[in-house]
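See below for the structure under consideration.
Throughout, a chain's letter reflects where its sequence line sits, starting with A, and its residues are numbered from 1. Here the structure is a predicted model, which means the values were calculated and not measured.
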Amino acid sequence: MNIEQKLTGIVINAIQNLYSTEVTPVQVQFQKTKKEFEGDITLVVFPFVKAARKSPEQTGQEIGEYLQQHEPIIKAFNVIKGFLNLSISSAHWVECLNGINAQEAFGTTTATETSPLVMIEYSSPNTNKPLHLGHVRNNLLGFSLSEIMKANGYKVVKTNIVNDRGIHICKSMLAWQKFGNGETPESTGLKGDHLVGKYYVVFDQQYKAEIKELIAQGQTEDEAKKNAPLMLEAQDMLRKWEAHDPTVYQLWQTMNNWVYKGFDETYKKLGVNFDCIYYESETYLLGKEKVEEGLANGVLYKREDGSIWADLTADGLDEKLLLRADGTSVYMTQDIGTAKLRFDHYPIDKMIYVVGNEQNYHFQVLSIILDRLGFKWGKDLVHFSYGMVELPEGKMKSREGTVVDADDLVDEMVNTARETSQELGKLDGCTEEEAQNITRMVGLGALKYFILKVDPRKNMTFNPKESIDFNGNTGPFIQYTHARIKSVLRKAGEQGITIPTAIDTTIPLSEKETSLIQHIANFPAVVKQAADEYSPSIVANYVYDLVKEYNQFYHDFSILKEDDEAVKKMRLLLSQNVARVIKTCMSLLGINVPERM
RNA sequence: GGUCGGGUAGCUCAGCUGGAUAGAGCAACAGCCUUCUAAGCUGUGGGUCAUGGGUUCGAAUCCCAUCCUGAUCACCA
């Protein structure tokens, strides 16, 4: 039980005894005391003023007196306007620290046999181009969210649906076939996904040239787009693929395998992974069955032309096509098929789709349809919707090649980290292997933190040249603080100091120390909130505040040079636990922290 | 036009389940390394919290209207 819960009960009693009024825990609001005022924790008195029929100051005074009489850990209080500031005894905070230290996995819960299973879909790339900055946000959010759900005691299955078929895939295949001269990743030295992406751009260029030509010949733009020979060929190729034409199918397999190899490298570089991967080519036909089942149940209806629809007007939405008149499926049908396959494989209690906010409507519809088709988690499926990443020049467009490539970005980050580290002399005395480890951690840490600290819902701008900093509210700053603490702990070890598992409650604490303990004591609530609100940024902002506070403490107080042995050990124990919380927070964000940097 | 987001310092962002004088970082300027890692710490300047109204003891936060901005409203995925 934390201090706020403990005090809430006493406040309820106080109001009951003093003013004979029942209050609910919701009315009892605590906040951390502002630094300008004396105290650790503050009760907002206003909600009780009416019942007291007294001024806020007087009410606060009376409640304060009652609390002090009935709760020994309150050593003093003061009232300013309607705020009752309570000073809590050092002994309580020391006990609190001891309690935290005793917990093996402080702040996190481990899943058990009976824990609910949540499946999280993220990444969802197309196999016609390499991953870019937008995918990076997706991957980082998906991975972090998975870690956060795990920390809250869920069983988590990370999944990826690869969009490996369709007209857009055929475009890069066709362009390669016509203009590729047999190039391969081996012959060009290009990563497979980059090679394929190159031909996706080639297709677009050639296609545009054809359109221009046809318009010059007198066709309208719409006609030209439809009649361009390349487009007709691509459509023909898609038909052949669906008919399993051996040549096309083999080309498809070859090129997709190049891409997968490239993706694997990128995922590895980003430090994300999946427990199971689904391919659209395997699921896109499966939705049909479920749709027909829905038709038989009367949940869906058939039009005269034979197409099948869902009527969502009762939910305030439109009607939605699920099967074309010729029996072929659409995007929604595929998602139904994928859902069915997944549900066959796993006992899913909760499904989270990490997909950009441009698909809000799609998921609103999917949720209703899955629910009607009998998926028990359909209604409550979570579309973890995040905003776009924009460049200073505006939006990124794959076809036009104006994207920030994921591989380039990571490489650039790591290189910058290397340069900065060298300038600061941080790598002196490191082996090359250590140096690589550190710069990789720092470069990636900077990138990941930069992206994850922003509220996922918001669009964000990313300036490749200026966005990444290593000072201030950044990943490296947090990593640095961790490394600093570890350095102190190492030195303590070298001096033969053992850090106790618990310290004496009679040790006096400074304001900064109580504040730090209060801060880390709040960590479990942050972990829970991050899951409730699906927001890694909550963890990021929390750990930043903690680190900022620790650095002030580090600056103002000596640890190893402290004369009083007991105080020294208390500070070591405190530092050790701060480091632990930092490390856990960062791991929830998918960021590693170095022992030294 | 309908629906759903977003609008807070020059820039990037916190704060939004109503609480004290709206916070950080970057950028600018001024300090702090013979003392545990200066990727740090301290200070200065910088705000009509888009606008107008409402609810309230109290509004950046809740409600209404307006403006700006993004997404979406395909027999594309």
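- Of all nucleotides present, none satisfies the Watson-Crick or G-U wobble test against A39(B) with each distance under 3.5 Å.
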| query | Going through the distances and angles, do Thr127(A) and Asp164(A) end up as a side chain to side chain donor-acceptor pair (under 3.5 Å)? | reply | CA-CA 5 Å; Thr127(A) 58; Asp164(A) 62 344; over 6 Å; no

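- For U66(B), the paired nucleotide is A50(B), the pair qualifying as Watson-Crick or G-U wobble because both relevant distances are below 3.5 Å.
- Here G25(B) is the nucleotide among A77(B), G19(B), G25(B) with the atom lying nearest to any side-chain atom of Tyr544(A).
- A donor and an acceptor atom sit less than 3.5 Å apart, one in the side chain of Ser421(A) and one in the base of A39(B).
- Residue contacts for Tyr284(A): at a heavy-atom cut-off of 4.0 Å it reaches no nucleic acid atom on any strand shown.
- The base of A39(B) is not paired with the side chain of Thr481(A) by any donor and acceptor separated by under 3.5 Å.
- Atom name P, nucleotides G47(B) and C11(B): the rounded distance is 13 Å, in whole Å.
- If you check every strand for non-hydrogen atoms under 4.0 Å, Val454(A) touches sugar and phosphate atoms only.
- Nucleotide A60(B) has no partner under the Watson-Crick or G-U criteria, as no pair reaches both atom distances under 3.5 Å.
- What separates CD of Glu549(A) from P of G23(B) is a distance of 16 Å, to the nearest Å.
- Following rounding to the nearest Å, Leu238(A) (CG) and C76(B) (C1') show an atom-to-atom distance of 11 Å.
- Donor-acceptor pairing under 3.5 Å, judged by distance alone, is present between the side chain of Asp305(A) and the base of C75(B).
- Side-chain proximity of Lys491(A) to the nucleotides A24(B), C36(B), A77(B) is greatest for C36(B).
- Closest to the side chain of Asn541(A), out of A14(B), U37(B), C36(B), is A14(B).
- Distances were taken from every side-chain heavy atom of Gln31(A) (C-beta onward) to each of G19(B), A39(B), U72(B); the shortest belongs to G19(B).
- Across the P atoms, A24(B) and G40(B) are found 16 Å apart, a figure rounded to whole Å.
- Across A59(B) and G2(B), the matching P atoms stand 32 Å from one another, rounded to whole Å.
- G19(B) and G23(B) have their C1' atoms separated by 16 Å, with the value rounded to a whole Å.
- No donor-acceptor pair under 3.5 Å is formed between the side chain of Thr328(A) and the backbone N or O of Arg324(A).
- In this structure, Phe553(A) has its ring center under 6.0 Å from that of Tyr550(A).
- For Asp335(A) and A77(B), a side-chain-to-base donor-acceptor distance below 3.5 Å is absent, hydrogens and geometry of angles not being considered.
- For the pair Ile451(A) CD1 and C13(B) P, the interatomic distance rounds to 11 Å; values are reported in whole Å.
- Nucleic acid contact class of Met597(A) (heavy atoms, under 4.0 Å, all strands): base.
- Comparing U37(B) with C32(B), their C1' atoms sit 16 Å apart, to the nearest whole Å.
- In a base pair of the Watson-Crick type (N1 to N3 plus N6-O4 or O6-N4) or a G-U wobble (N1-O2 and O6-N3), with each distance short of 3.5 Å, A74(B) is matched with no nucleotide.
- Toward the 5' end of RNA chain B, the nearer of the two residues Phe477(A) and Ser329(A), judged by each one's closest nucleotide, is Phe477(A).
- A donor atom on one side chain and an acceptor atom on the other are not found under 3.5 Å apart for Glu319(A) and Thr313(A).
- To the nearest whole angstrom, the two P atoms, one in G15(B) and one in C62(B), are 13 Å apart.
- Judged by centroid separation below 5.5 Å and plane tilt below 30°, Phe83(A) stacks onto the base of A20(B).
- A perpendicular orientation is assigned to the rings of Phe450(A) and Phe462(A), their planes being inclined by more than 60° (bins at 30° and 60°).
- Atom CZ in Arg457(A) sits about 14 Å away from atom P in C13(B), given to the nearest Å.
- When the C1' atom is compared between C26(B) and C64(B), the two are found 38 Å apart, to the nearest whole Å.
- One N or O donor and one acceptor, one from the side chain of Lys426(A) and one from the base of U37(B), sit under 3.5 Å apart.
- In this entry C33(B) has no Watson-Crick or G-U wobble partner, no candidate having both defining distances under 3.5 Å.
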| Where do Tyr353(A) and Asp335(A) land on the side chain to side chain donor-acceptor pair (under 3.5 Å) test, with the steps shown first? | CA-CA 11 Å; Tyr353(A) 295 86; Asp335(A) 262 350; 5.8 Å; no

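- Comparing atom distances between the Trp309(A) side chain and each of G25(B), A77(B), C75(B) picks out C75(B) as nearest.
- Residue Thr461(A) places its side chain closer to C13(B) than to any other of C13(B), A77(B), C36(B).
- The aromatic ring of Phe46(A) is stacked on the base of G19(B), with the two ring centres less than 5.5 Å apart and the planes inclined by under 30°.
- Taking atom P on both nucleotides, G18(B) is separated from C57(B) by 15 Å, rounded to a whole Å.
- The aromatic ring centroids of Tyr19(A) and Phe48(A) lie 6.0 Å or more from each other.
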| field | Verdict with reasoning, Asn360(A) to Ser385(A), per side chain to side chain donor-acceptor pair (under 3.5 Å) | value | CA-CA 7 Å; Asn360(A) 285 355; Ser385(A) 161; 2.9 Å; yes

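- Base orientation of C63(B): anti, since the glycosidic angle falls outside 90° of 0.
- Pairing of A28(B), defined by two Watson-Crick or G-U wobble distances under 3.5 Å, is identified with U44(B).
- Checking G18(B) for Watson-Crick or G-U wobble geometry (two distances, each under 3.5 Å) identifies no partner in any strand.
- In this structure, the nucleotide among G19(B), C13(B), A71(B) sitting nearest to the side chain of Met460(A) is C13(B).
- Residue Glu390(A) is the one, among Glu390(A) and Glu280(A), whose nearest nucleotide of RNA chain B lies closer to the 5' end (criterion: closest heavy atom).
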